[in-house]
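Data block below; observations after.
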Amino acid sequence: MSAAFTKTPGWLDWHPAPSRPRFVLPPGSVDAHCHVFGPGDQFPYAPERKYTPCDAGKAQLFALRDHLGVARNVIVQATCHGADNRALADACRAALGRARGVATVKRSVSDEELQALHAAGVRGVRFNFVRRLVDFTPRDELLEIAQRIGALGWHVVVYFEAVDLPELWDFFSALPTPVVVDHMGRPDVSLPVDGPQFELFVRFMREHANVWSKVSCPERLSLTGPPALRDEQAAYRDVVPFARRIVESFPDRVLWGSDWPHPNLKDHMPDDGLLVDFIPHIAATAELQYKLLVANPMRLYWPEELK
Ligand code: 0GY
């Protein structure tokens with residue numbers, strides 16, 4: 001923790017010694033949702049932030065990548081850095097082609113700044129609608145940003161709670177780029193997987209061929225939680241039917257991410273090795289695993305390597 005910043009009370013630090021996964025990731029696997037935090041003395045946290053994290057810099061991220069057997073990362077701008085993308089861009093550059101970024105920008109961003117972010121490895125922007133994380137951004141401003149970044153071949157990542165999908169539906173439908181939804185739109189997994197709330201999300205994906213979903217964050221969505229002892233059969237079981245349904249219904253539009261360093265967790269900190277072991281429960285065949293972990297993220301973030 002940087003001396004200049006005090007971590008939000010109750011906030012748990014990332015796991016100090018994650019286990020080695022039992023599931024061997026296919027070669028070239030991408031962790032398509034993770035963050036870097038600071039370090040705050042080098043990359044200060046934003047004044048408008050809703051939480052102050054513990055530092056979690058690029059060196060720790062790359063060490064985790066290698067420990068888990070991940071080949072590449074997609075680093076997503078966390079709200080604690082606001083629209084200051086310096087930590088993100090620095091980490092992407094330092095990864096020497098093995099990381100892409102998803103930034104947060106304001107309407108005032110210049111074309112030169114967008115070009116510099118592109119050169120660093122940024123390929124998307126994130127629009128956040130989770131009320132505890134951000135203040136309201138007018139939709140016309142977001143649409144304008146989406147139109148500008150679409151011209152660069154970027155996409156939009158959206159983060160929202162399931163109860164807000166009806167109200168956001170028309171805005172999301174108007175986005176001119178691919179749209180990637182964080183954490184399956186945060187369903188309430190105590191509700192039935194074929195109940196109205198999750199059906200709406202499935203319908204949203206079915207009716208919009210440009211919409212992708214990250215089947216990430218079981219630790220955030222789960223009510224049953226992790227087992228007391230490390231047991232990949234029992235971990236986050238209540239999330240499995242939801243993620244599995246999305247993977248099997250839309251195998252070419254799903255991504256997986258660790259969400260390291262797991263912002264805002266106060267009840268338990270996941271073992272990242274266990275999160276990797278969760279993957280075969282939601283993508284049961286080698287073909288589904290390859291699409292989820294390699295083919296899909298490569299298409300979205302490194303398309304030039306597929307030519
Ligand atoms: C996540 C989830 C959360 C936080 C952020 O940018 C962020 O602060 O994304 C959350 O608190 O649910 O995807 O990391």
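Order of appearance sets the numbers: ligands from 1, and atoms from 1 within every ligand.
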Exercise for the section: Could you tell me whether the side chain of Leu88 reaches within less than 4.5 Å of the side chain of His81, counting heavy atoms only? Expected result: no
Handout entry: Electrostatic pair Glu248:Arg244 at N-O distance under 4.0 angstrom
Key = yes
Exercise for the section: Say whether Val215 and Tyr159 are linked into one hydrophobic cluster, either directly or through other cluster members, by side-chain heavy-atom distances under 4.5 angstrom. Expected result: no
Exercise for the section: Indicate, with yes or no, if Leu133 and Phe127 share a hydrophobic cluster defined by side-chain heavy-atom contacts under 4.5 Å among Ile, Leu, Val, Met, Phe, Trp and Tyr. Expected result: no
Problem - Polar side-chain atom of Arg237 near backbone of Gln233 as donor-acceptor pair, under 3.5 Å - result: yes
Handout entry: cation_pi(Arg100, Tyr301) dist<6.0 Å, angle<=45
Key = no
Problem - Residues in the immediate environment of ligand 1 (any heavy atom closer than 4.0 angstrom) - result: His33, His35, Tyr51, Ala78, Thr79, Arg126, Arg132, Leu133, Tyr159, His183, Arg186, Arg220, Asp259, Pro263, Asn264
